[in-house]
Amino acid sequence: MSGVGAPSVTVDGTGLRVVVVAASWHEQVMDGLLAGARRALVAAGADWTEVRVPGSFELPVAASRAAAGGADAVVALGVVIRGGTPHFEYVCSAATSGLTDVSVRTGVPVGFGVLTCDDEAQALDRAGLEGSHEDKGAEAAEAALATAVVLRDLGRVVHS
Ligand code: DLZ
């Protein structure tokens, strides 16, 4: 089952500047992911801004610009639903490898909140909406913040 084994993450994000980059396909699911990310960012005390791109394919370039612009962490949100076209594999692969590349290349953590689902019901179940079993927007924000704190602390260890 998706989500089994997920950690409980509590993070103090005070002073961290976060950019949320969010795709626009599948509006209802995206609304849930965004709301979950906002809840986590508020709970952590982080400062954030949000930008929207058309689809998940465009998330890496927006994340890259956010990282280059001084963000301490990026949260990438999107929903890709398998259809009758090869686009599913192409878009998922581009988003996944592109976002990984951004985080490793820039050293800025990117929370991966891109749902890749067989159908809309699966996506709604992970969207943090009323009745959903999982809250992937919040999870992605918590992961990005927690990793930003680790990287900040690692910097102190290495340079002390
Ligand atoms: C083309 C496309 C398709 C078929 N499906 C999705 C989807 O389920 N979720 C999503 O975020 N984006 C989708 N896109 C759009 C691509 O991500 C991209 O925006 C376009 O190919 C234009 O570059």
Side-chain angles (χ1 to χ4, degrees), residues 2-80 91-117 123 126-129 132-160:
S2 171
V4 172
S8 166
V9 179
T10 307
V11 55
D12 179 1
T14 309
L16 292 179
R17 296 154 303 168
V18 179
V19 178
V20 178
V21 296
S24 305
W25 280 59
H26 311 293
E27 186 179 4
Q28 187 184 3
V29 182
M30 282 305 307
D31 286 349
L33 293 178
L34 272 165
R38 289 175 191 140
R39 277 193 298 274
L41 291 162
V42 168
D47 294 322
W48 81 92
T49 54
E50 297 176 7
V51 294
R52 301 301 292 264
V53 293
S56 295
F57 188 85
E58 284 75 37
L59 289 172
V61 70
S64 181
R65 183 61 63 89
D72 296 304
V74 176
V75 181
L77 303 176
V79 186
V80 194
V91 174
C92 291
S93 168
T96 307
S97 60
L99 291 170
T100 305
D101 177 63
V102 169
S103 65
V104 173
R105 183 171 45 80
T106 64
V108 175
V110 179
F112 186 73
V114 181
L115 300 183
T116 58
C117 299
R126 292 159 172 73
L129 295 163
S132 300
H133 287 99
E134 294 181 81
D135 188 354
K136 293 296 186 186
E139 278 182 34
E142 287 161 356
L145 288 168
T147 308
V149 169
V150 168
L151 295 181
R152 187 183 62 197
D153 294 347
L154 262 180
R156 289 194 184 119
V157 170
V158 171
H159 295 110
S160 65

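Worth saying up front: this structure is predicted, and the values here are computed from it rather than measured. These numbers come from the heavy atoms of this one structure, side chains and all, not from hydrogens, waters or symmetry mates.
Residue pairs that meet the side chain to side chain donor-acceptor pair (under 3.5 Å) test with at least one member in residues 54-64, sequence neighbours left out, are S64-R105. Annotation: side chain to side chain donor-acceptor pair (under 3.5 Å) contacts involving residues 22-35, sequence neighbours excluded, are absent.
Taking each heavy atom of A23 and R52 in turn, the nearest pair found is O-NH2, 3.0 Å. Nearest heavy atom pair, residue W48 against residue V20, reads CD1-CG2, 3.9 Å. Across all non-hydrogen atoms, the minimal contact from A148 to A73 is CB-CB, 4.1 Å. Here the closest heavy-atom approach between residue V18 and residue A46 is recorded as CG2-CB, 4.2 Å. Smallest separation of non-hydrogen atoms from V75 and A140: CG1-CB, 4.0 Å. For the pair G32 and L129, the tightest heavy-atom approach, listed with the atom from each and the gap, is CA-CD2, 3.6 Å.
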**Prompt:** Checking side chain to side chain contact (heavy atoms under 4.5 Å, CB included) for the pair D12/V149: CA distance, chi angles, key distance, verdict?
**Reply:** CA-CA 8 Å; D12 179 1; V149 169; over 6 Å; no
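With rounding to the nearest 0.5 Å, the separation of CG in L77 from CG in L59 is 8.0 Å. Distance check: E142 CD to L41 CG gives 9.0 Å after rounding to the nearest 0.5 Å. Rounded to the nearest 0.5 Å, atoms CG (L115) and CG (L33) are 5.0 Å apart.
Between V61 and R65 the shortest side-chain heavy-atom distance does not fall below 4.5 Å. In this structure the side chain of V74 never reaches within 4.5 angstrom of the side chain of L99, judged on heavy atoms. Looking at V21 and V53, their side chains never come closer than 4.5 Å, going by heavy atoms from C-beta outward.
Every residue meeting the salt bridge (charged side-chain N to carboxylate O under 4.0 Å, His left out) condition with R17, not counting sequence neighbours, appears here in chain and number order: D72.
A 6.0 Å sphere centred on CZ of R39 holds more than 12 heavy atoms belonging to other residues, nucleotides or ligands. A 6.0 Å sphere centred on CZ of F112 holds more than 12 heavy atoms belonging to other residues, nucleotides or ligands.
Distance alone, capped at 3.5 Å, places no donor-acceptor pair between the T96 side chain and the S93 backbone.
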